[in-house]
Amino acid sequence: MDDNTTKYSPKDLIDYLFRVSAVNEEGQVSPLETNEPVRLRRKIDVLSSNGGSKVTGYVVKQKRGSDGDWEEVATLKAIETSYKVPKLDEDQEYFFSITALNQNGQGETCELDTSVVPKRPPEKPSPPVGPVILSGIQKTSLVLAWKPSKNDGRSPLTAYYIEMRDPNNGSWSAVTKVTRDISSYCFL
């Protein structure tokens, strides 16, 4: 050791183990832990997020676009850890922030790192455009054709399912599935 190195007594050195758990809306998983302790020269102070006073609630704010003004959308109770923001406009960029409250007032504001752009959820596509056209009818074959669906339900079509029904028993049977770029099928 050179003369500039500080010497520490064993009581000044503290061994720590650390662990990290992943959490989502379904719950928390078992933690990942360090295998060996880490020796530090001084005690680590755990950060306090409540300023030394119990959290009494949260303020949720939003702004439309990066240049918009912050507006309060809700004040939540301390036990509430989620909030569904109503009446958002589709395809409008929003930014959100949350601020903890306690008896001393408001804490630091936590802003989302990225914006949110609401989209309507996908729905079922419209049926293929009819009528169904039958051509090339032979004793054991025919060609079935249709026009593509006009509305994909805001989610790309993946396939068309073709079924046929036996008039004698009235039940539908699966024939095949064709890719979305096909609009005819030859029965052999």
Side-chain angles (χ1 to χ4, degrees), residues 6 8 10-129 148-161 174 177 179-180:
T6 306
Y8 294 93
K11 69 178 181 148
D12 293 329
L13 301 175
I14 302 167
D15 293 338
Y16 286 98
L17 290 169
F18 295 90
R19 69 183 186 180
V20 178
S21 297
V23 181
N24 69 12
E25 61 188 30
E26 295 297 320
Q28 181 175 344
V29 297
S30 299
L32 174 65
E33 299 183 5
T34 55
N35 293 326
E36 300 292 326
V38 176
R39 181 162 283 184
L40 300 176
R41 294 186 193 130
R42 63 180 176 81
K43 182 178 178 187
I44 293 179
D45 293 322
V46 177
L47 294 175
S48 172
S49 62
N50 61 14
S53 180
K54 184 178 175 184
V55 172
T56 58
Y58 300 97
V59 174
V60 178
K61 292 182 179 180
Q62 74 179 27
K63 69 176 178 175
R64 295 167 72 94
S66 58
D67 296 332
D69 294 325
W70 286 104
E71 59 184 81
E72 186 174 322
V73 293
T75 300
L76 308 175
K77 296 176 183 174
I79 60 170
E80 296 177 279
T81 58
S82 66
Y83 178 73
K84 183 176 180 178
V85 180
K87 301 178 183 174
L88 297 177
D89 295 328
E90 185 176 0
D91 295 324
Q92 168 65 53
E93 181 180 44
Y94 290 92
F95 292 85
F96 293 94
S97 72
I98 300 172
T99 305
L101 303 173
N102 66 16
Q103 67 184 17
N104 298 322
Q106 292 189 355
E108 284 187 44
T109 297
C110 175
E111 291 182 29
L112 286 179
D113 292 338
T114 59
S115 63
V116 175
V117 180
K119 301 281 185 197
R120 286 193 326 222
E123 47 191 43
K124 291 181 180 177
S126 64
V129 175
S149 300
K150 286 186 177 179
N151 182 344
D152 64 6
R154 292 182 304 282
S155 178
L157 293 176
T158 56
Y160 290 102
Y161 289 102
K177 174 176 98 170
T179 60
R180 67 179 180 215

### Message
Could you tell me if Thr99 and Gln106 have a donor-acceptor pair between their side chains, going purely by distance under 3.5 Å?
### Response
no
### Task
Would you mind reporting whether Leu88 and Val116 have side-chain heavy atoms less than 4.5 Å apart?
no
### Query
Just wondering, more than 12 heavy atoms not from Glu108 lying within 6.0 Å of its CD?
no
## Note on the structure
One should read off an interatomic distance between Arg64 CZ and Tyr94 OH, to the nearest 0.5 angstrom, of 4.0 Å
### Summary
Correct closest heavy-atom pair for Phe95 and Trp70 would be O-CZ3, 3.6 Å
### Ser97: partners by side-chain hydrogen bond (donor to acceptor under 3.5 Å, both in side chains), with sequence neighbours left out
none
## Note on the structure
One should read off an interatomic distance between Lys61 NZ and Thr75 OG1, to the nearest 0.5 angstrom, of 9.5 Å
#### Entry: Sole candidate of Glu93, Gln92, Lys63 that passes side-chain hydrogen bond (donor to acceptor under 3.5 Å, both in side chains) when paired with Ser115
Glu93
### Query
Restricting to pairs with a member in residues 152-161, which pass side chain to side chain donor-acceptor pair (under 3.5 Å), not counting sequence neighbours?
Glu123-Arg154
### Message
Please check this pair: side chain of Ser126 against backbone of Ser149, looking for a donor-acceptor N/O pair closer than 3.5 Å.
### Response
no
### Query
Lys119: what forms a side-chain hydrogen bond (donor to acceptor under 3.5 Å, both in side chains) with it, not counting sequence neighbours?
Asp91
### Query
Is the number of heavy atoms from other residues, nucleotides or ligands within 6.0 Å of CG (Asp89) greater than 12?
yes
### Query
Which pair of non-hydrogen atoms, one from Leu76 and one from Ser82, has the smallest distance, and what is that distance?
CD1-O, 4.3 Å
### Task
Can you measure from CD1 (Ile98) to OH (Tyr83) and round to the nearest 0.5 angstrom?
11.5 Å
